[in-house]
Colleague: 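Right, I'll just put the structure down here and ask away after.
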Amino acid sequence: MQGILPDREIAALFQAGALSSTRERDGDQIQPASLDLRLGPVAYRVRASFLPGGGHSVEDKLERFALHEFSLEGGAVLETGCVYVVPLMERLALPDHVRATANPKSSTGRLDIFTRVLADHTQEFDKVPAGYRGPLYLEISPRTFPILVREGSRLSQIRFRCGEPTLSASELTELHELARLTTAEAANISDAGIALSIDLSGDAGTLVGYRGKRHTGLVDVDRRAAYPLADYWEPIARRGTGELVLDPDEFYILVSKEAVHVPPDHAAEMTPFDPLVGEFRVHYAGFFDPGFGHSQAGGAGSRAVLEVRSHDVPFILEDGQIVGRLVYERMAARPDRLYGADLASNYQAQGLKLSKHFV
């Protein structure tokens, strides 16, 4: 089997013992091409972010760097500017031909919560090597809003891969000609993926994005439609120039000019940072499930919502400027359920949209 494992194969990993959990699996935990990961009952405040490295477990490093341990069973507040590590409920015993990659969930990214998965003896974040047997941990660092989490909260997701599923530039061009992956008139395609540009157009006064406010109340990550938008976000209107100055250390929600289409037999991922297009990071939450923007799954015209943060210096974005690339990968098989079809998919057929927590 070559490609990204679909939902039924993820379920088969549980049945085979390659995936296990300390608690019964949630009914909606398996997505079309990924598995949501759940926080365990305890968390650690740590001095700084770290990687375990080849000779150490995460537990070894926690013994050195943890400042204190606290329970998540009744819920706990994670403060902005602090770094936490939480052991996850899920544990892996991967076959030798299966590897995994993690990413924040869409709602996590749109709350500006920086998360990365850690595994024992690894030297990279969010990557789990083939054949890995051991626990998983999540590093969490809220950047803009303090958050309330609890045991079982789902902030990150993981994909399982076999072989080399990433499409080459020629294969991506062929797929675009067949399935129309973006609405761009002339798609910009390279080995790095298909380009997405920023939408800052419209008449003067048109809303083009949001900037996160500082010193707000907390956000309970498990509550939907619970918080007034105006208490947490500053709307950004187009000022007639089609430009936006990104201030360092500020967090923005913007949207792509192109609508995105992910065919049912493929998945996609946004590159989070490309120094060739500017000193800013785009899209913490990089997974696009099979069926995203697919017309038969109710998603014709789904644009990519982008979480944007500038690095170190102010940076001017202009309407139509390339801000990232979408990498496409083959599915090992078509999933049983598509994003937006028979699923509670929050961001199908979206335009500019904040996370599900705000009204």
Side-chain angles (χ1 to χ4, degrees), residues 45-51 65 67 77-85 103-116 125-126 138-149 155-156 196-200 207-221 227-239 241-256 270-286 304-319 321-324 352-355 357-358:
R45 167 78 193 282
V46 295
R47 288 165 48 193
S49 176
F50 63 82
L51 276 166
F65 300 133
L67 298 176
V77 175
L78 306 187
E79 301 285 354
T80 58
C82 299
V83 182
Y84 305 87
V85 173
N103 232 315
K105 288 175 60 65
S106 294
S107 294
T108 304
R110 294 187 201 193
L111 288 175
D112 198 20
I113 307 169
F114 192 54
T115 70
R116 299 187 288 196
F125 293 108
D126 285 332
L138 189 65
E139 177 192 296
I140 307 170
S141 182
R143 304 294 302 276
T144 297
F145 312 121
I147 60 172
L148 178 64
V149 300
L155 301 181
S156 189
L196 290 183
S197 63
I198 200 74
D199 186 5
L200 299 175
L207 195 65
V208 296
Y210 296 93
R211 178 165 54 192
K213 292 184 176 181
R214 297 288 187 176
H215 314 297
T216 67
L218 62 79
V219 176
D220 184 334
V221 300
Y227 302 99
L229 181 155
D231 291 349
Y232 293 81
W233 297 97
E234 175 190 345
I236 301 172
R238 182 183 185 270
R239 297 174 177 85
T241 60
E243 297 176 346
L244 175 64
V245 178
L246 301 178
D247 292 322
D249 298 324
E250 297 292 334
F251 180 67
Y252 300 83
I253 296 291
L254 304 172
V255 69
S256 68
M270 176 76 82
T271 54
F273 174 65
D274 183 357
L276 298 180
V277 299
E279 292 301 316
F280 57 90
R281 180 188 175 100
V282 173
H283 221 68
Y284 291 151
V305 171
L306 308 171
E307 304 102 27
V308 181
R309 180 180 288 277
S310 184
H311 292 297
D312 300 327
V313 297
F315 188 84
I316 298 175
L317 282 181
E318 298 183 10
D319 181 59
Q321 181 174 341
I322 293 175
V323 293
L352 177 65
K353 188 174 182 179
L354 296 172
S355 74
H357 307 87
F358 302 101

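Residues: numbered from 1 along the sequence shown. These values consider heavy atoms only, across backbone and side chains, with no hydrogens, waters or symmetry-generated copies.
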Colleague: L78 and P142: which non-hydrogen atoms are nearest, and at how many Å?
Modeller: O-CG, 3.7 Å
Colleague: Looking only at heavy atoms, which two atoms of E318 and L200 are closest? And how far apart?
Modeller: C-CD1, 4.0 Å
Colleague: Roughly how far apart are R211 CZ and Y252 OH, rounded to 0.5 Å?
Modeller: 4.5 Å
Colleague: Pair E234, K213 - check salt bridge (Lys or Arg N to Asp or Glu O under 4.0 Å), show working.
Modeller: CA-CA 6 Å; E234 175 190 345; K213 292 184 176 181; over 6 Å; no
Colleague: Are F145 and D112 close enough, and set up right, to give a side chain to side chain contact (heavy atoms under 4.5 Å, CB included), and what steps lead you there?
Modeller: CA-CA 7 Å; F145 312 121; D112 198 20; 5.6 Å; no
Colleague: Strictly distance-based, threshold 3.5 Å: is any side-chain N or O of S106 a donor or acceptor partner for the main-chain N or O of G109?
Modeller: no
Colleague: Within the 4.5 Å heavy-atom criterion, are I113 and V221 side-chain neighbours or not?
Modeller: yes
Colleague: So, R143 side chain and G81 main chain: donor-acceptor pair closer than 3.5 Å or not?
Modeller: no
Colleague: Applying side chain to side chain contact (heavy atoms under 4.5 Å, CB included), run through I140 and L155 and close with a yes or a no.
Modeller: CA-CA 9 Å; I140 307 170; L155 301 181; 3.8 Å; yes
Colleague: Does some side-chain heavy atom of D319 sit less than 4.5 Å from a side-chain heavy atom of D199?
Modeller: yes
Colleague: Could you tell me whether the side chain of L67 reaches within less than 4.5 Å of the side chain of R47, counting heavy atoms only?
Modeller: yes
Colleague: For V255, is there any backbone N or O sitting under 3.5 Å from a side-chain donor or acceptor partner on K353?
Modeller: no
Colleague: Write down the atom of S49, the atom of R116, and the distance for their closest heavy-atom approach.
Modeller: OG-NH2, 2.9 Å
Colleague: Is there side-chain contact between V245 and D247, with heavy atoms separated by less than 4.5 Å?
Modeller: yes
Colleague: Check whether any side-chain heavy atom of T216 sits under 4.5 Å from a side-chain heavy atom of Y227, and report yes or no.
Modeller: no
Colleague: Taking the side chain as everything from C-beta on, heavy atoms only, tell me whether V208 gets closer than 4.5 Å to L352.
Modeller: no
Colleague: In terms of relative ring orientation, are F251 and W233 parallel, tilted or perpendicular, with 30° and 60° separating the classes?
Modeller: tilted
Colleague: When you measure from the side chain of S256 to the backbone of I198, do you find a donor-acceptor pair of N or O atoms at a distance under 3.5 Å?
Modeller: no
Colleague: Step by step, work out the side chain to side chain contact (heavy atoms under 4.5 Å, CB included) result for M270 and L306.
Modeller: CA-CA 10 Å; M270 176 76 82; L306 308 171; 3.6 Å; yes
Colleague: Is the closest side-chain heavy-atom distance between E139 and V83 below 4.5 Å?
Modeller: yes
Colleague: Considering all heavy atoms of both residues, which atom of P248 and which atom of D312 are nearest to each other, and what is their separation?
Modeller: CG-O, 3.7 Å
Colleague: Would you check, one step at a time, whether the test side chain to side chain contact (heavy atoms under 4.5 Å, CB included) holds for L317 with L254?
Modeller: CA-CA 11 Å; L317 282 181; L254 304 172; 3.9 Å; yes
Colleague: Between OG of S355 and NZ of K105, what distance do you get to the nearest 0.5 Å?
Modeller: 12.0 Å
Colleague: Side chains of H357 and R110: does their closest heavy-atom pair fall under 4.5 Å?
Modeller: no
Colleague: Shortest non-hydrogen contact from L218 to Y232?
Modeller: O-OH, 2.9 Å
Colleague: Mind listing the closest non-hydrogen atom pair of F50 and V85 along with its distance?
Modeller: CE2-CG2, 4.1 Å
Colleague: Within this structure, what is the CD1-CD1 distance for the pair I236 and I253, rounded to the nearest 0.5 Å?
Modeller: 9.5 Å
